[in-house]
Amino acid sequence: MPTLKEKFGEEVKLSLRQGEKLKCNVLRMLVSAISYAEIAKQKTFTDEEIIGVIAKEIKQRRESIDAYKQANRPELVEKEQQEMEILQSYMPEQMGEAELTLIIKKVISETGASTPQDKGKVMGKLMPLVKGKADGQMVNAIVTALLNN
């Protein structure tokens with residue numbers, strides 16, 4: 001079974017043949033970002049680590065969208081949103097808030113956390129469980145809300 005990186009290489013060729021210029025450019029950028037990350041870590045990434053790179057690229061798009069909105073650049077906002085949608089299509093299905101809350105409550109009880117000061121303990125154990133499957137901001141908000149109650 002091909003790795004995600006190999007799959008992206010094939011999809012670059014396919015999108016090029018089909019004339020999907022934006023998708024081709026986004027996938028090329030993604031393959032490049034994965035390669036740079038692998039060089040920095042001096043190892044070949046697993047599919048799970050590649051998903052982390054995709055999540056980082058999505059986060060960068062969100063930040064760019066916010067900056068372009070503040071700068072009143074709607075054409076750039078739209079381009080970044082289209083790129084983000086393409087990247088999100090390669091992410092695993094995201095957890096819903098209810099499913100995420102159950103996992104967070106379980107981790108809170110396992111760690112014995114009860115105050116907002118215990119947040120680091122909870123996040124340290126929780127993030128490997130939900131990495132790539134849940135938005136970090138949503139995780140942070142739910143953990144904060146549960147520990148403040």
Counting only N and O atoms by type, is there a donor-acceptor contact under 3.5 Å from the side chain of [X] to the main-chain atoms of [Y]?
X      : Y      : answer
Gln18  : Leu16  : no
Glu49  : Thr46  : yes
Asn148 : Ala145 : no

Rounded to the nearest 0.5 Å, what's the gap from [atom1] on [X] to [atom2] on [Y]? Could you check?
X     : Y     : atom1 : atom2 : value
Ser35 : Leu30 : OG    : CG    : 9.5 Å
Ile54 : Leu87 : CD1   : CG    : 7.0 Å
Leu27 : Ile86 : CG    : CD1   : 7.0 Å
Asp47 : Ile50 : CG    : CD1   : 5.5 Å

Sequence-distant partners of [X], side chain to side chain donor-acceptor pair (under 3.5 Å), two or more places apart:
X      : value
Glu75  : Arg73
Thr111 : none
Lys119 : Asn140, Thr144
Glu38  : Lys5

Does atom [atom1] of [X] have more than 12 heavy-atom neighbours, drawn from other residues, nucleotides or ligands, at distances under 6.0 Å?
X      : atom1 : result
Gln137 : CD    : no
Gln82  : CD    : yes
Lys121 : NZ    : yes
Glu48  : CD    : no

Closest heavy-atom pair and its distance - [X], [Y]:
X      : Y      : result
Val139 : Leu100 : CG2-CD2, 3.8 Å
Gly124 : Pro128 : O-CD, 3.3 Å
Glu57  : Ala33  : OE2-CB, 3.4 Å
Gly9   : Val31  : N-CG2, 4.4 Å

Give the cluster check for [X] versus [Y]: same hydrophobic cluster or not, with ILVMFWY residues linked at side-chain heavy-atom distances below 4.5 Å.
X      : Y      : result
Val130 : Ile51  : no
Val12  : Leu22  : yes
Leu4   : Met29  : yes
Leu147 : Leu129 : yes
Leu102 : Val122 : no

Item to check | Side-chain heavy atoms of Cys24 within contact of Val26, under 4.5 Å | outcome: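 No, their side chains stay 4.5 Å or more apart.
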Next on the checklist: Could you check whether any side-chain heavy atom of Lys23 comes within less than 4.5 Å of a side-chain heavy atom of Glu11, counting everything from C-beta outward?
Outcome noted: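 Lys23 vs Glu11: side chains touch.
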Next on the checklist: Run Glu10 and Lys7 through salt bridge (Lys or Arg N to Asp or Glu O under 4.0 Å) and show every step you take.
Outcome noted: CA-CA 5 Å; Glu10 291 301 314; Lys7 180 181 175 191; over 6 Å; no
Item to check | salt bridge (Lys or Arg N to Asp or Glu O under 4.0 Å) involving Lys105 - partner list, sequence neighbours excluded | outcome: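 Lys105: no salt bridge (Lys or Arg N to Asp or Glu O under 4.0 Å) contacts found.
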Item to check | Listed partners of Arg28 passing salt bridge (Lys or Arg N to Asp or Glu O under 4.0 Å), at least two apart | outcome: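 Partners of Arg28 under the salt bridge (Lys or Arg N to Asp or Glu O under 4.0 Å) test: none.
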Checklist entry - salt bridge (charged side-chain N to carboxylate O under 4.0 Å, His left out): which pairs involve residues 80-98, sequence neighbours left out? => result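 Every pair satisfying salt bridge (charged side-chain N to carboxylate O under 4.0 Å, His left out) with a residue in residues 80-98: Arg61-Glu80, Arg61-Glu83, Lys79-Glu83.
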Next on the checklist: According to side-chain contact (heavy atoms from CB on, under 4.5 Å), who are the partners of Glu6, at least two apart in sequence or on a separate chain?
Outcome noted: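 Applying side-chain contact (heavy atoms from CB on, under 4.5 Å) to Glu6 gives Pro2, Thr3.
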Item to check | Residues that Lys41 engages under side-chain contact (heavy atoms from CB on, under 4.5 Å), provided they are two or more places apart | outcome: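 Lys43, Phe45.
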Per the ring pair (Phe, Tyr, Trp, His ring centres under 6.0 Å) rule, what does the pair list look like for [range], sequence neighbours excluded?
range            : result
residues 89-145  : Phe8-Tyr90
residues 108-134 : none
residues 102-132 : none

Next on the checklist: The test is side chain to side chain contact (heavy atoms under 4.5 Å, CB included); show your working for Ile104 and Val107 and say whether it passes.
Outcome noted: CA-CA 5 Å; Ile104 292 171; Val107 170; 5.8 Å; no
Next on the checklist: For a side chain to side chain contact (heavy atoms under 4.5 Å, CB included) check, start with the C-alpha distance between Met138 and Met95, then their side-chain angles and the critical distance, and finish with the verdict.
Outcome noted: CA-CA 10 Å; Met138 186 189 332; Met95 290 182 179; over 6 Å; no
